[in-house]
**Student:** 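My structure is below; once you've seen it, I'll send some questions.
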There are 2 protein chains.
Amino acid sequence: MAGVSVATVSYVVNDARNVRPETRHRVLTAIQRLGYAPNAAARNLAAGRSFILGLIVSDIRNPFFPEIITGFQEAANVCSMEAIILNTNYDAARTREAVNRILGLQAPGVAVMTSQIDASVISLLPRKRVCAVYLDLGRVDKYISNITADYEGGIQAAVDHVTQFGHQRVGFIGGNPALTSAWRRRQAFLTCAEKAGLKEIRAVDSNFTVEGGYYACSKLLSGFDATAIIAANDLMAIGAMHAAYDRNLRIPADLSIVGFDDITFAQFAQPALTTVALPRNEIGRVAFQALWTTITDPSHAGSEYCMETRLTIRQSTGPAPR
Amino acid sequence: MAGVSVATVSYVVNDARNVRPETRHRVLTAIQRLGYAPNAAARNLAAGRSFILGLIVSDIRNPFFPEIITGFQEAANVCSMEAIILNTNYDAARTREAVNRILGLQAPGVAVMTSQIDASVISLLPRKRVCAVYLDLGRVDKYISNITADYEGGIQAAVDHVTQFGHQRVGFIGGNPALTSAWRRRQAFLTCAEKAGLKEIRAVDSNFTVEGGYYACSKLLSGFDATAIIAANDLMAIGAMHAAYDRNLRIPADLSIVGFDDITFAQFAQPALTTVALPRNEIGRVAFQALWTTITDPSHAGSEYCMETRLTIRQSTGPAPR
DNA sequence: TTGAAAGCGCTAACAT
DNA sequence: ATGTTAGCGCTTTCAA
């Protein structure tokens, strides 16, 4: 060995205390020579907290999430932290399990990017002194941060956009109105549409899935001759697109579709859709920052973050027919 | 507490020893009541191995991977293991970092689902007694398993499919031929096309991205009047679709596109594409199984697994024009 | 500036 | 069938 105590090695590795340069050097070379890699488990055990953060998502196969995950992981790695991803499959019971696993890992923090979570689980985390950051869950407290999005601005942009193209009969496909985020988008649409003085509007609520978008669009188009449709998320926009195809509507000649909130799909759905983008990798980064801030400074109370939205205009939005 | 020793709790949790049903029940309820979650760090430390497996992927935003990840995680969770996902961003240097982090976590195994890895890193893993499973890297050894896909079968199905629709001028968009998996697909295409007696074929190599598909398709269509195109992966198929749109070709009226190897895109790209599907969640499951087998039975040498492919026929494949 | 030593919460061998 | 107990490899307090 380097002829020093384990304690000294610990101090060198974590540079947590003044160590004589020469001693430090002896330790460092010994580490090199022996190919020593600190045992993460032992470190965690002794330190009482791990270097792993939890990242709970609804479904990694939903392209909404990989972007967030990427942003989160990249930010985490910069701070020598790991992220462990947990899928809930839109199931609150699985969210609970996920939280349990996170607790078991002694993770100092968790980002909860799903709405399917019980209040009891939300309150469990701070009790166990685990920092948490939520997406659109609207509460900020000790150990709890929240990220919200400027849905109103995004919807405004979407409405402005179709209005500019002369559309007057505009449909809106919303998500489950029980979710704050869906409700806010729906309300924003109604408000903006009124302000814009649109001739005719109709809103249908659905469930944020491709199938839901298909269904809602079909419903919307029967008896309502919309020339443009704004979907509250991208999956539903895709579904709406399929429904339009199946009714032999050309996009955008007969019907323009604006999908709210994705950027991932842009490249796939193109050229059929115009999108309002939430910068998702930013969400991931911000989520990590929120955790990092509260973890490193326990006196910190938790914060509210607001993400801007951004309209991605595509040539494919068409003028209103007729 | 439940009035039992810590050891008994351990035995119950791991059911590693016979425990009287009544005792077990007492322990279980106490666990419930206290919301006890085992400390992973302590377990790892005591057991000498961690319960975290590494899962290295090229890019989680590529829809190829989330499916694999899901399958892997679900299989892992059944065995009370966690999976930690590491993104390489198609960069061998980052793969090396990822492996290092895995080593630090004392992970007993790692699934490497990217081709961007140096030979030195591959050989490092078994030296550190970490099991590994690769995708299409073609070597099987102690601690090393390999998963390969029946590309030949898939390409055969794709060629048969377009042939059945009367297509005689068929283009092929391949990936980087330096990759075994891309090479095999390309070769299979050439072989099958010849066997099928197609009038005219042309193959262009590209790089497995949407942009690459766009580029390759454009190149393919200039001076070659293909009526069907087979793309070696889905991203390139999407790119090809865009290129076709931009040349005012209707799909499938003017050009049919068969995308090799995805199922995720089916729902998005529909109705434009026919796909040959690799069951990706199966890949994830198999990858976990491969690791689990070698981890739980160290005498086991590592195995070769072969995934079947499956053609997903969509009404959208059109007959050959003219 | 460094060392000694007491745990961290489990597992697994040994004892009962 | 269950309890006792010695570590696992670190961190961290306290002493030197």
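Chain letters run A, B, ... following the sequence lines, proteins first and then strands; every chain starts at 1.
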**Student:** Would you tell me if any nitrogen or oxygen in the side chain of B:T8 comes within less than 4.0 Å of OP1 or OP2 on D:dG3?
**Tutor:**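 So the side-chain polar atoms of B:T8 do come within 4.0 Å of the phosphate oxygens OP1 or OP2 of D:dG3, strictly under.
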**Student:** Between A:Y11 (OH) and D:dC10 (P), how many Å, whole number?
**Tutor:**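 Taking atom P of D:dC10 as the reference, OH of A:Y11 is at 14 Å.
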**Student:** Between B:R26 (CZ) and D:dA1 (C1'), how many Å, whole number?
**Tutor:**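 Spelled out: CZ on B:R26 to C1' on D:dA1 is 12 Å.
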**Student:** For the pair made of CG in A:N44 and P in C:dC8, what is the distance, rounded to whole Å?
**Tutor:**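 Going from CG in A:N44 over to P in C:dC8 covers 16 Å.
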**Student:** Please confirm whether the shortest side-chain N or O distance from B:S10 to OP1 or OP2 of C:dC10 is below 4.0 Å.
**Tutor:**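 For C:dC10, OP1/OP2 do not have a side-chain N/O of B:S10 under 4.0 Å.
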**Student:** Rounded to whole angstroms, how far apart are NE2 on A:H25 and P on C:dT1?
**Tutor:**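 Computing the A:H25:NE2 to C:dT1:P distance gives 18 Å.
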**Student:** Just compare C:dT1, C:dT11, D:dT13 and give me whichever is closest to any side-chain atom of B:R43.
**Tutor:**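 That would be C:dT11.
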**Student:** Polar-atom pairs under 3.5 Å, protein N or O versus N or O of nucleotides 6-8 of chain D: list them with distances, or write none.
**Tutor:**
residue	atom	partner	partner atom	Å
D:dC8	O2	B:A46	N	3.3

**Student:** Once side-chain hydrogen bond (donor to acceptor under 3.5 Å, both in side chains) is applied, do any residues pair with B:D59, and if so which ones, sequence neighbours excluded?
**Tutor:**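 Once residues adjacent in sequence are excluded, the partners of B:D59 under the side-chain hydrogen bond (donor to acceptor under 3.5 Å, both in side chains) criterion are B:R61.
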**Student:** Which residues satisfy the side-chain hydrogen bond (donor to acceptor under 3.5 Å, both in side chains) test with B:T70, sequence neighbours excluded?
**Tutor:**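 With sequence neighbours excluded, B:T70 shows a side-chain hydrogen bond (donor to acceptor under 3.5 Å, both in side chains) to no residue whatsoever.
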**Student:** Under the salt bridge (charged side-chain N to carboxylate O under 4.0 Å, His left out) test, which residues partner A:R101, sequence neighbours left out?
**Tutor:**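 A:R101 satisfies salt bridge (charged side-chain N to carboxylate O under 4.0 Å, His left out) with B:E82 once adjacent residues are dropped.
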**Student:** Show every donor-acceptor pair shorter than 3.5 Å between a side-chain atom in residues 102-123 of chain A and any protein atom, with sequence neighbours excluded, or say none if there are none.
**Tutor:**
residue	atom	partner	partner atom	Å
A:Q106	OE1	B:N39	ND2	2.8
A:T114	OG1	A:S58	OG	2.8
A:T114	OG1	A:Q116	N	3.3
A:T114	OG1	A:Q116	OE1	2.9
A:S120	OG	A:R96	NH2	3.2
A:S123	OG	A:A119	O	3.3
A:S123	OG	A:S120	O	3.0

**Student:** Measure from CD on B:Q106 to P on D:dG9 and round the result to the nearest Å.
**Tutor:**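 Nearest whole value for this atom pair: 9 Å.
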**Student:** Round to the nearest Å and state the distance from A:K128 atom NZ to C:dG9 atom P.
**Tutor:**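 Taking NZ of A:K128 and P of C:dG9, I get 12 Å after rounding.
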**Student:** Only counting residues at least two apart or in another chain, list the ones meeting side-chain hydrogen bond (donor to acceptor under 3.5 Å, both in side chains) with A:R285.
**Tutor:**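 For A:R285, no residue satisfies side-chain hydrogen bond (donor to acceptor under 3.5 Å, both in side chains) once neighbours in sequence are set aside.
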**Student:** With a 4.5 Å limit on heavy-atom distance, are the side chains of A:N146 and A:L137 in contact?
**Tutor:**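 Contact flag for A:N146/A:L137 side chains = yes.
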**Student:** Of A:P38 and B:R20, whose closest DNA chain D nucleotide lies nearer the 5' terminus?
**Tutor:**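 Comparing both residues, the 5'-ward one is B:R20.
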